[in-house]
Structure formats: structure tokens, C-alpha cells
Amino acid sequence: MGRYDALAERFCAAIKKLAGDEEHLNNLESYLSHHFPAWMERYAYDPEGLTAELELFGNMEFSR
């Protein structure tokens, strides 16, 4: 088993969750349209942080 197997599984699960929920995906897209450079600078080279950040966007609750 590789060093990042569990993390890769969580990362891909977060992507699948975002892809299956248009509201969450649109929220991420909107956020990135304003903060992409800073977001990438903070998370691009931190696999744990990037994974946690995608999970956060996939688990956000929106008031209706």
C-alpha cells in the first residue's frame, strides 16, 4: 500500500461528490473565480489540505 492511498481515495471521493451535486460544484467554481491564485498557492502542494478543502466544499450546507 502506498503512502497516499487513503488520501487519494478521499480526494477522488470528494471530486465525485462535487461532480454529482451541481450546487456544490457551482459554489466551488464561484469561489475559485475570485480566489484561484491564492487557493492554489495555499493548497496545490499540500495533498492533505487540498483534500480537506475539496471535502469542505462538498459538505457545505446551504440555507434555502
Side-chain angles (χ1 to χ4, degrees):
M1 191 178 234
R3 175 179 174 194
Y4 292 109
D5 287 353
L7 191 58
E9 185 177 334
R10 283 179 46 211
F11 181 83
C12 289
I15 291 173
K16 287 176 188 176
K17 186 171 186 176
L18 284 167
D21 187 322
E22 188 174 347
E23 187 173 25
H24 284 87
L25 190 58
N26 287 342
N27 183 48
L28 176 61
E29 181 180 354
S30 176
Y31 177 82
L32 292 177
S33 73
H34 295 92
H35 305 284
F36 213 147
W39 191 81
M40 288 299 293
E41 184 176 321
R42 182 169 182 184
Y43 297 109
Y45 298 103
D46 177 15
E48 292 85 1
L50 181 58
T51 299
E53 189 71 0
L54 288 180
E55 289 172 335
L56 177 74
F57 273 96
N59 292 322
M60 282 185 179
E61 295 196 20
F62 302 103
S63 49
R64 300 178 194 255

For this session: Under 4.5 Å between side-chain heavy atoms, chaining through other members, with only Ile, Leu, Val, Met, Phe, Trp and Tyr counted: pull out the rest of the cluster around Y45, sorted by chain and number.
Result: none
Exercise. Under 4.5 Å between any side-chain heavy atoms of P47 and F11, yes or no?
Worked result: no
For this session: Indicate, with yes or no, if L56 and L7 share a hydrophobic cluster defined by side-chain heavy-atom contacts under 4.5 Å among Ile, Leu, Val, Met, Phe, Trp and Tyr.
Result: no
Problem set entry | side chain to side chain contact (heavy atoms under 4.5 Å, CB included) against L18, all qualifying residues, sequence neighbours excluded | H24, L25, L28, L54, F57
For this session: Identify, with sequence neighbours excluded, every residue that meets side chain to side chain contact (heavy atoms under 4.5 Å, CB included) alongside E29.
Result: N26
For this session: Output all residues satisfying ring pair (Phe, Tyr, Trp, His ring centres under 6.0 Å) with Y43, sequence neighbours left out; order by chain, then residue number.
Result: W39
For this session: Provide the full list of salt bridge (charged side-chain N to carboxylate O under 4.0 Å, His left out) pairs with a residue in residues 6-17, sequence neighbours left out, each pair given once.
Result: R10-E55
Exercise. Linking I/L/V/M/F/W/Y whenever any side-chain heavy atoms sit under 4.5 Å apart, do Y4 and I15 land together?
Worked result: no
For this session: Starting at CZ of R42, measure out to NE2 of H35 and round the result to the nearest 0.5 Å.
Result: 12.0 Å
